[in-house]
**Student:** 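Got a structure for you, written out below as structure tokens; questions coming shortly.
In this chain, numbering begins with 1 at the start of the sequence shown.
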Amino acid sequence: MKISHPFLLLIFISAGAIAGRACDLCGCYTPQLEAMSGMEPQSSKSWWNGFYGAVGEQFTHFGTVLVDGREVANPTGQYENSSITQLVAGYQINSRFALQISVPLIYREFKRPEGFAIDRGTVSGLGDVSLLLRTVLFHYASPGRRTFQFEDKTVVAIDLEPDFTASAILLTGIKFPTGDSSRLEEEFHEIEIPGAPVSGIHGHDLTLGTGSYDGIFGEQFSLRYKNIFLESNVQFTLRGDGAHQYHFANDLVWNAGPGYYFVRRRDMIVGLQFVTSGEHKDVDRFRGKKAEDTGIVVSRGRFSAEVAAEIPVLIDNTALQVVPDYRLRGGISFHF
């Protein structure tokens, strides 16, 4: 079992923080539409104004070798660079419900020992597509204030945003086995050669999909008082039976932290947030047995963008694995 508690520095332009900061096969990019500036109540818009789109990018570099939580030498320089681009299309049905589909495009580059030789290569293609329903369980806003100003000798009333807001959102969905899972067949042919370097990069690390139908459950909670805010996200992935007799373990990811809006106007929001995140994952199973090397415990109008960087602080793992050194994230979304 491995538990990872990386420290996350998140800088985002707009209020468009994202959820689903998870492992390469888990997370769903979910722009927080209700936080985007320029959003009006659904009742005042045409039906097509409910559509939105987004693009998210996650890059992770794996280059540190751990054995049961202890760092060991990496004489062959094995590593993996993983890039996942998520294309999101969705529809905000009303103020409570939004339905979205997420299509991941994956590119992975790797170098690993294979016996006494070195194996280099890349894998790329479509990952596992997810369909997600966002349900607003609770939303509260304190009574707004009103101010007046003179324009051409006319008094104009200006409604100000509430000082205090709070909301809770439920995430439910399903992930489909659309990604190529043929790399999992490597698990049938792995043989350790005495005296040869051991690889920490396996078929389950390079696969584009799990080969299973998975359930997605999560929550998003946000709290704001004037320019100070607090957000938390939790996502649990319930794995189904995978392909090639390989069963990925259930996965739980979370993150939470405070932030501050330096600029908060109707047409622009700029903020900074510090987030602590973590992940807990049990051990995968291959042919019914534990696979010990797998445990992992600027907004402008209707646009929203964010940039983030993660640095691991504490990682505990099982057996020999190549673990993340850092992770970069970014995304941009648009609401019609």
Side-chain angles (χ1 to χ4, degrees), residues 16-34 50-60 82-93 96-108 123-137 169-181 183-184 204-220 233-243 246-255 277 279-281 284 296 304 306 308 327 329-335:
I18 64 173
R21 309 180 191 283
C23 67
D24 282 347
L25 292 173
C26 306
C28 297
Y29 183 89
T30 55
Q32 293 185 356
L33 303 176
E34 70 284 347
F51 287 103
Y52 63 91
V55 178
E57 171 64 28
Q58 174 178 288
F59 176 84
T60 309
S82 175
S83 171
I84 299 181
T85 303
Q86 293 199 49
L87 308 179
V88 174
Y91 184 73
Q92 189 173 9
I93 302 170
R96 289 197 60 193
F97 300 101
L99 190 66
Q100 77 168 50
I101 185 170
S102 177
V103 180
L105 304 177
I106 302 175
Y107 177 86
R108 293 193 174 108
V123 292
S124 61
L126 175 69
D128 288 344
V129 174
S130 300
L131 183 65
L132 197 67
L133 175 67
R134 303 171 68 254
T135 304
V136 178
L137 298 178
I169 297 174
L170 175 67
L171 304 175
T172 53
I174 184 172
K175 185 179 67 62
F176 301 92
T178 54
D180 182 7
S181 59
R183 278 278 177 174
L184 294 175
H204 59 261
D205 300 306
L206 301 176
T207 185
L208 301 178
T210 63
S212 62
Y213 288 89
D214 303 333
I216 301 173
F217 308 92
E219 65 83 21
Q220 297 175 340
N233 299 277
V234 177
Q235 189 174 121
F236 175 74
T237 304
L238 179 64
R239 301 292 187 186
D241 293 331
Y246 196 96
H247 181 87
F248 283 84
N250 299 334
D251 190 273
L252 175 69
V253 294
W254 58 270
N255 66 79
S277 63
E279 179 177 358
H280 176 89
K281 179 175 175 292
D284 298 349
I296 301 180
S304 173
E306 66 93 33
R327 176 172 289 159
R329 301 177 187 273
I332 184 169
S333 58
F334 176 80
H335 199 287

**Student:** Using modelled atom types only, decide if a donor and an acceptor are shared between the side chain of T210 and the backbone of S212 within a distance under 3.5 Å.
**Tutor:** yes

**Student:** Ignoring hydrogens and geometry, is there a side-chain-to-backbone donor-acceptor pair from T178 to G127 under 3.5 Å?
**Tutor:**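 Checked: pair present.
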
**Student:** Do you know the tightest heavy-atom contact between D128 and G179?
**Tutor:**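 Nearest pair, atom of D128 first, then G179: OD1-N, 2.8 Å.
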
**Student:** Taking all non-hydrogen atoms of both residues, which atom of P177 and which atom of G211 are closest, and how far apart?
**Tutor:**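 P177 and G211 have their closest heavy atoms at CB-C, 3.6 Å.
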
**Student:** D214 side chain to G240 main-chain N or O, any donor-acceptor pair under 3.5 Å?
**Tutor:** yes

**Student:** Ignoring hydrogens, what is the shortest heavy-atom contact between L184 and H204? Give both atom names and the distance.
**Tutor:**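 That would be CD2-CA, 3.7 Å.
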
**Student:** Is the backbone N or O of L208 less than 3.5 Å from a side-chain atom of D180, with the two atoms forming a donor-acceptor pair by type?
**Tutor:** no

**Student:** F176 vs Y213 aromatic rings, parallel, tilted or perpendicular, using cut-offs 30° and 60°?
**Tutor:** perpendicular

**Student:** Hey, does the side chain of R327 reach the backbone of T60 with a donor-acceptor pair shorter than 3.5 angstrom?
**Tutor:**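 Not at all, since once roles are kept as given, no pair shorter than 3.5 Å links the two residues.
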
**Student:** Enter the distance from L170:CG to T135:OG1 here, rounded to the nearest 0.5 Å.
**Tutor:** 5.5 Å

**Student:** About how many Å separate CD of E57 and CG of L105, when rounded to the nearest 0.5 Å?
**Tutor:**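 One gets 9.5 Å once the value is rounded to the nearest 0.5 Å.
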
**Student:** Working to the nearest 0.5 Å, report the span between NZ of K175 and OG of S130.
**Tutor:** 6.5 Å

**Student:** Measure the CG-CG distance between L171 and L132 for me, rounded to the nearest 0.5 Å.
**Tutor:** 5.0 Å

**Student:** When rounded to the nearest 0.5 angstrom, what is the spacing between CD in E219 and CG in N233?
**Tutor:** 6.5 Å

**Student:** Hey, what do you get for CD (Q235) to CD (Q220), rounding to the nearest 0.5 Å?
**Tutor:** 9.0 Å

**Student:** Let's go through L238 and F236 carefully: what are the C-alpha distance in whole Å and the side-chain angles of both, what is the deciding distance for side-chain contact (heavy atoms from CB on, under 4.5 Å) to 0.1 Å, and is it a yes or a no?
**Tutor:** CA-CA 6 Å; L238 179 64; F236 175 74; 3.8 Å; yes

**Student:** Using a 3.5 Å distance criterion without hydrogens, assess whether the side chain of R239 forms a donor-acceptor pair with backbone atoms of D251.
**Tutor:** no

